[in-house]
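In what follows, every chain begins at residue 1, and chains take the letters A, B, ... in the order their sequences are listed. No experiment lies behind these values; they were computed from the predicted model shown.
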There are 2 protein chains.
Amino acid sequence: MPSKKNLDVAEAEAEAEAASADVWSADCPSRRVLELIANKWALLLIPLLRGKPQRNNELLRKVGGISQKMLTQTLRDLELNGLVLREDHQTVPPHVDYRLSPLGLSLSRTLIAVDRWAEANHAQIDAARQEARK
Amino acid sequence: MPSKKNLDVAEAEAEAEAASADVWSADCPSRRVLELIANKWALLLIPLLRGKPQRNNELLRKVGGISQKMLTQTLRDLELNGLVLREDHQTVPPHVDYRLSPLGLSLSRTLIAVDRWAEANHAQIDAARQEARK
DNA sequence: CAGAATCCACCCGGATACTG
DNA sequence: CAGTATCCGGGTGGATTCTG
């Protein structure tokens, strides 16, 4: 296991925070973070934004079922909270790129595990629901 | 890295599923799984149910801000989908225990990482939001 | 203790039309 | 291309009351 020496200041602070923060407490600020990411569009968008910056239309096509309204709204929300960076190239026609901040990238590594779990285990979930319907 | 030999049949099947399933496709069954867990109460309850079976009132106290209605509704939903097992001891006064199924336990390992991330990084999120408000 | 049942205000999110 | 603006139906979820 890594020693304290391998942690930089920011990581050390984050670790200290984790010790005191408690998502199960209704008034803990960390609860707001949970509410920010506890929706399907955020769960799909954040992992999707790893890698190269992507444009509005690209994301609209890649995230099946999302509307322009929800895409914009979700991206704005994530941007406001420092997870996504919006880059407007100020050209005409417009060219806007979205990418993850370092903080967002960190989160994406956690959320992609959720997506993978859903993909890997949906058959068992479906089977359970079939069983319950009997 | 583990060889194929180390995977049992169920795990091999899950791996095969993951290769074909795609949460980003609106009509993929795995999307339903994502929608099942993409809400704050599920994200709080599932990791909380690791360890010993717990009772209604226990969960009601431990999950700050949840109402009896949402607790029951979420537990029923998770039970219907095979993630949670409900054990009614058929006594009077009533004694009902909730615990994770093996499938739910598997998921809890993924979701607890999300909760920990929220706890560890909420300060940076808060800072970003403060910055954006300027 | 563990809930079911009802009422209802809020807001989420889709559809549609418009803009620079 | 990358949005914004508006309308609006349906679902979410809190509060309250009742039950075995």
Rounded distance in Å - [atom1] ([X]) to [atom2] ([N]):
X	N	atom1	atom2	answer
A:Asn39	C:dC12	CG	C1'	11 Å
B:His95	C:dC1	NE2	C1'	10 Å
A:Glu35	D:dG14	CD	C1'	14 Å
A:Gln54	D:dC1	CD	C1'	16 Å

Heavy-atom side-chain proximity of [X] to [Y] below 4.5 angstrom:
X	Y	result
A:Tyr98	A:Leu85	no
A:His95	A:Asp97	yes
B:Val84	B:Arg99	no
A:Gln68	A:Leu60	yes

Expected output: side-chain B:Ser101 to main-chain B:Gly82 donor-acceptor under 3.5 Å: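 Checked: pair present.
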
Strictly below 4.0 Å: does B:Arg55 bring a side-chain N or O up to OP1 or OP2 of C:dA2?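 It does, given that an N or O in the side chain of B:Arg55 lies less than 4.0 Å from OP1 or OP2 of C:dA2.
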
Phosphate OP1/OP2 of D:dC1 contacted by A:Asn56 side-chain N/O (<4.0 Å):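 Checking A:Asn56 against D:dC1: no side-chain N or O falls below 4.0 Å of OP1 or OP2.
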
Nucleotide nearest B:Val96 (side chain, heavy atoms from C-beta), chosen from C:dA2, D:dA2, C:dG14: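 Given the options C:dA2, D:dA2, C:dG14, the side chain of B:Val96 is closest to C:dA2.
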
Considering only D:dG14, C:dG3, D:dG3, which nucleotide approaches the side chain of B:Tyr98 most closely?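 Per side-chain heavy atoms of B:Tyr98, the pick is C:dG3.
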
Residues from residues 59-77 of chain A lying under 4.0 Å of DNA chain D - heavy atoms: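 Here the set is A:Gln68, A:Lys69, A:Thr72, A:Arg76.
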
Take A:Arg32 and A:Glu35, measure what salt bridge (charged side-chain N to carboxylate O under 4.0 Å, His left out) needs, and give me the verdict at the end. CA-CA 5 Å; A:Arg32 309 288 149 266; A:Glu35 289 168 357; 3.2 Å; yes

